[in-house]
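Note that the coordinates shown come from a computational prediction; the quantities given were computed from them, not determined experimentally. Protein chains get the first letters and strands the later ones, always in sequence-line order, with residue 1 at the start of each.
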Protein chains: 2
Amino acid sequence: MEVGICKQEMAQKKKNAVLVDGVILNGPITDSKAGEKFVEEAFKVIMKEVIQKADDVTQKVCEWRAPETLKQILDLEMRDTGESHQELLQLCQDVIQYSVKTSHPRFFNQLYAGIDYYSLVARFITEALNPSVYTYEVSPVFLLVEEVVIKKMIEFIGWEEGDGIFNPGGSVSNMYAMNLARYKFCPEIKEKGLSSLPKLVLFTSEESHYSMKKAAAFLGIGTENVYFIKTDERGKMIPEELEKQVQRARKEGSAPFLVCATAGTTVLGAFDPLDKIADICEKHGLWFHVDASWGGSALISRKHCRLLHGIHRADSVAWNPHKMLLAGIQCCALLVKDNSGLLKKCYSAKAAYLFQQDKFYDVSYDTGDKSIQCSRRPDAFKFWLMWKALGTTGLEERVNRALALARYLVEEIKKREGFQLLLEPEYANVCFWYIPPSLRQMEDGPEFWQKLHQSLQYAQKKCGRKEWPEGFGTATS
Amino acid sequence: MEVGICKQEMAQKKKNAVLVDGVILNGPITDSKAGEKFVEEAFKVIMKEVIQKADDVTQKVCEWRAPETLKQILDLEMRDTGESHQELLQLCQDVIQYSVKTSHPRFFNQLYAGIDYYSLVARFITEALNPSVYTYEVSPVFLLVEEVVIKKMIEFIGWEEGDGIFNPGGSVSNMYAMNLARYKFCPEIKEKGLSSLPKLVLFTSEESHYSMKKAAAFLGIGTENVYFIKTDERGKMIPEELEKQVQRARKEGSAPFLVCATAGTTVLGAFDPLDKIADICEKHGLWFHVDASWGGSALISRKHCRLLHGIHRADSVAWNPHKMLLAGIQCCALLVKDNSGLLKKCYSAKAAYLFQQDKFYDVSYDTGDKSIQCSRRPDAFKFWLMWKALGTTGLEERVNRALALARYLVEEIKKREGFQLLLEPEYANVCFWYIPPSLRQMEDGPEFWQKLHQSLQYAQKKCGRKEWPEGFGTATS
């Protein structure tokens with residue numbers, strides 16, 4: 001691949017070659033000029049095929065192919081010899097063609113709502129720099145940025161001080177919180193583990209995200225020890241039910257340690273009554289975590305932040321700017337009210353090879369001992385650059401717009417025949433049924449629901465409320 | 001921001017405006033032309049300041065500033081109003097200037113060894129597409145790519161079949177393995193948790209990565225229940241010591257369930273004797289995990305794969321192509337020999353809103369229920385594109401070159417006065433001391449080591465072997 005090097009140069013190089021174990025050490029390993037050119041060519045493809053088409057409704061969201069078909073179309077095989085830049089560029093084209101354009105205006109799915117050019121640029125920068133945010137010496141700028149972003153998010157939560165860490169997802173944030181709550185409850189668990197302890201029990205609503213169950217399994221607490229609290233007709237946790245369940249757990253001899261409220265549930269977009277739940281947590285001495293992975297962004301809006309009234313009383317909050325705010329996957333923070341170093345105490349392993357305490361700078365900037373990861377991506381940076389570009393008011397407009405769009409959709413659904421709104425949304429989730437003409441005159445009942453599901457080509461598993469049947473329509477604007 | 005729209009058009013738009021909650025719904029929210037231009041301008045900056053300078057030794061690795069100074073130089077504050085594209089581009093320049101260029105030839109640190117243009121392009125593509133690899137319908141290409149990459153990695157491990165998942169890091173891979181081993185040992189733990197169970201005990205060498213301790217703490221097993229096995233003078237686990245410790249644990253009434261061997265330790269780059277450890281695991285019915293996060297890449301080299309002799313007998317393997325192979329952080333796979341769906345059984349939460357079982361394609365392609373995450377990045381893709389570009393032989397050359405460079409460094413150290421090699425390396429870690437002239441005639445002993453540390457401006461914490469003192473030099477080529 002030594003393009004552009006003349007024969008004489010080659011001969012000279014060969015003469016001076018340092019050969020070790022059959023490898024020429026001082027020869028060029030990569031043709032950097034050709035590499036740079038490839039990056040430039042590929043960027044043009046990305047620009048044309050992804051970014052410029054991102055808001056073009058005349059383009060397809062996705063060239064859909066079933067798995068077996070797509071395998072035949074794409075040249076997936078990894079071979080002994082490499083391929084040419086031209087072949088690789090074609091491959092990139094193909095990958096893009098058959099991938100979902102998640103920023104397309106007609107792509108309706110959880111998490112997505114278009115493209116943000118600023119966070120995208122930030123992501124390009126960090127991919128090019130390829131940092132790891134464990135120590136200040138390796139990631140000076142990105143660690144300072146993370147600090148300032150966490151501080152700002154804490155401000156919006158309403159805490160006077162706090163701590164936090166960006167991590168690979170809302171599910172992981174919830175795990176962090178669960179482990180922190182457990183550590184606070186009984187610090188010895190870190191060393192001694194859970195065996196020979198009474199059952200630890202935690203509480204979350206039956207509409208909460210499935211990650212609470214995953215977290216309980218992963219952390220050795222057990223899914224049975226997640227007590228799911230009943231919700232009202234709007235999907236909000238019923239505080240009186242929580243109180244009952246805490247008392248039940250105590251009577252059973254278990255050890256309640258954590259309540260997880262949800263601010264913006266996955267399906268209905270419901271907000272649990274944080275203030276009342278905080279009262280119960282205070283009364284019983286329980287850690288109060290709010291999973292605001294989805295709903296947290298409403299904190300930015302002066303109009304809608306009331307949805308999270310009481311969040312300042314939480315001990316920890318999960319908030320994903322990669323959802324409504326469009327910061328790009330993954331951008332998730334776990335925020336903690338404690339500022340006495342709980343996060344570090346709970347997570348430290350004090351690896352001597354990485355986190356020396358006698359460096360030439362203030363090592364409190366090293367975040368590695370707050371994390372379950374070693375290498376960690378600088379996810380705060382894309383949120384920061386986006387915030388710099390749009391300002392708080394720009395972010396606020398984004399939230400207000402999402403909720404206004406939901407409002408608009410609701411009014412349209414009400415007007416249109418064959419659509420049935422499930423409930424008045426309080427957030428950006430709009431839940432509705434589409435009733436095909438043949439069923440519009442039918443009476444409500446098991447038979448109706450069965451036929452409705454069949455009509456949607458979905459088999460109906462359960463008809464009762466609270467277990468949302470598959471195929472149930474929910475739009476997240 | 002409605003650049004380029006004339007007044008008449010504006011007036012017409014205003015007339016047709018759909019106003020909901022004070023938000024004009026059908027107005028343009030972002031000027032996409034300006035956004036695209038910004039991306040193009042920023043790309044030029046990235047190209048010039050990061051990518052082109054990546055292999056230029058005349059450039060600085062980093063414009064170093066202490067935290068407090070850097071805070072004053074950078075405009076970190078996030079304000080109410082946004083900033084202009086010009087200001088943002090300057091900001092990007094500043095961020096790059098004060099960041100570490102991790103692909104710089106003079107940057108010696110764990111994980112890094114230069115730039116790979118192909119994985120970088122893959123990363124740009126995925127950032128632009130912003131996918132999440134939980135279901136085939138959202139990430140058709142990336143899930144097929146993950147499948148084919150995992151299959152290929154399994155081939156190099158030497159298993160006939162298997163399963164796996166890309167995840168946010170080697171530390172997380174080790175957690176996955178620990179939880180899988182526990183699930184295999186006693187599936188009820190997923191539901192019931194660890195309380196009222198005997199102590200679960202796992203084994204790993206005293207030179208293993210600190211993530212094993214973190215994992216034991218996080219999973220509720222407890223750091224005390226990680227039994228650290230003595231290593232020989234080369235940093236390899238001593239199988240006889242493992243045997244003794246397993247027996248000790250049994251005598252204590254604990255429940256041994258997992259042995260973690262390390263292929264490429266963090267400091268010395270040592271490879272545990274996998275075959276002998278496999279014998280012990282078989283004898284005692286223990287899950288055999290190999291943390292090959294660092295050493296796994298040697299599998300690609302026909303010359304060096306013998307370092308991992310016996311790895312095919314492992315039940316699970318952690319392998320990070322983002323290290324020696326340069327795939328970019330994060331690119332980490334946890335690979336599992338089991339092909340009966342253990343990964344899914346262990347990790348599933350069966351969320352009805354996401355993982356419907358009655359979709360219009362084969363849902364076995366949906367990976368969400370194998371993961372602790374919900375949203376997940378398509379990290380396999382960058383490894384795949386790099387592999388396509390270089391071929392297996394290109395990857396092999398990369399490994400061979402790294403080890404030849406290490407060999408070369410060793411010979412240079414031996415020749416040069418004032419340098420003292422700690423031991424002959426078997427991998428790319430070269431451990432040595434630099435002895436300043438004033439200490440070269442001094443006798444070995446506590447005083448010598450104290451002075452040596454002082455001379456490196458590092459306080460010496462412990463002088464004994466096996467607890468690597470801070471400031472100890474290790475170069476990872």
So, do B:Y117 and A:H85 have ring centers that fall under 6.0 Å from each other?
->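 No, the ring centres sit 6.0 Å or more apart.
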Does the side chain of A:E68 pick up a donor-acceptor pair with the side chain of B:Y365 at under 3.5 Å?
->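 Yes, because at least one side-chain N or O of A:E68 sits under 3.5 Å from a partner of the opposite role on B:Y365.
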Chain B contacts, top residue of A:P67, A:A122, A:C62 (heavy-atom pairs, under 4.5 Å) =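 Between A:P67, A:A122, A:C62, the count favours A:P67.
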Pairs of heavy atoms under 4.5 Å with chain B: top-ranked of A:G22, A:S132, A:G169, A:S139 =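 Max contact count across the listed options: A:S132.
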Using heavy-atom distances under 4.5 Å, tell me whether [X] contacts chain A through its side chain, its backbone, both, or neither.
| X | value |
| --- | --- |
| B:L76 | both |
| B:L129 | both |
| B:A66 | backbone |
| B:V148 | both |
| B:N130 | both |
| B:M47 | side chain |
| B:T393 | both |

Proximity breakdown for [X] and chain B, heavy-atom pairs closer than 4.5 Å:
| X | result |
| --- | --- |
| A:K303 | side chain |
| A:N179 | side chain |
| A:I125 | both |
| A:V149 | both |

For the candidates [options], which exhibits the highest count of non-hydrogen atom pairs separated by less than 4.5 Å from chain A?
| options | result |
| --- | --- |
| B:L143, B:D21, B:L200, B:T102 | B:T102 |
| B:S99, B:A351, B:A42 | B:S99 |
| B:V100, B:I329, B:I96 | B:I329 |
| B:K213, B:E147, B:R407, B:K152 | B:K152 |
| B:H209, B:K101, B:R65, B:E397 | B:H209 |
| B:Y361, B:F38, B:W384, B:Y408 | B:W384 |

Pairing of [X] and [Y] as salt bridge, 4.0 angstrom limit:
| X | Y | answer |
| --- | --- | --- |
| A:E87 | A:R79 | no |
| A:K71 | A:D75 | no |
| B:R377 | A:E127 | yes |

[Y] and [X] aromatic ring geometry - parallel, tilted or perpendicular at 30°/60° bounds:
| X | Y | value |
| --- | --- | --- |
| B:F43 | A:F43 | parallel |
| B:Y347 | A:F218 | tilted |
| B:W64 | A:Y136 | perpendicular |

How long is the gap from CE on B:M175 to CD1 on A:I372, to the nearest 0.5 Å?
->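 Going from the CE atom of B:M175 to the CD1 atom of A:I372 covers 4.5 Å.
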Above 12 or not: heavy atoms from other molecules or residues under 6.0 Å from NZ of B:K199?
->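 Atom NZ in B:K199 is not crowded, with 12 or fewer foreign heavy atoms closer than 6.0 Å.
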Quick one: are A:V23 and A:L19 in side-chain contact, heavy atoms under 4.5 Å?
->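 Counting from C-beta outward, A:V23 and A:L19 never come under 4.5 Å.
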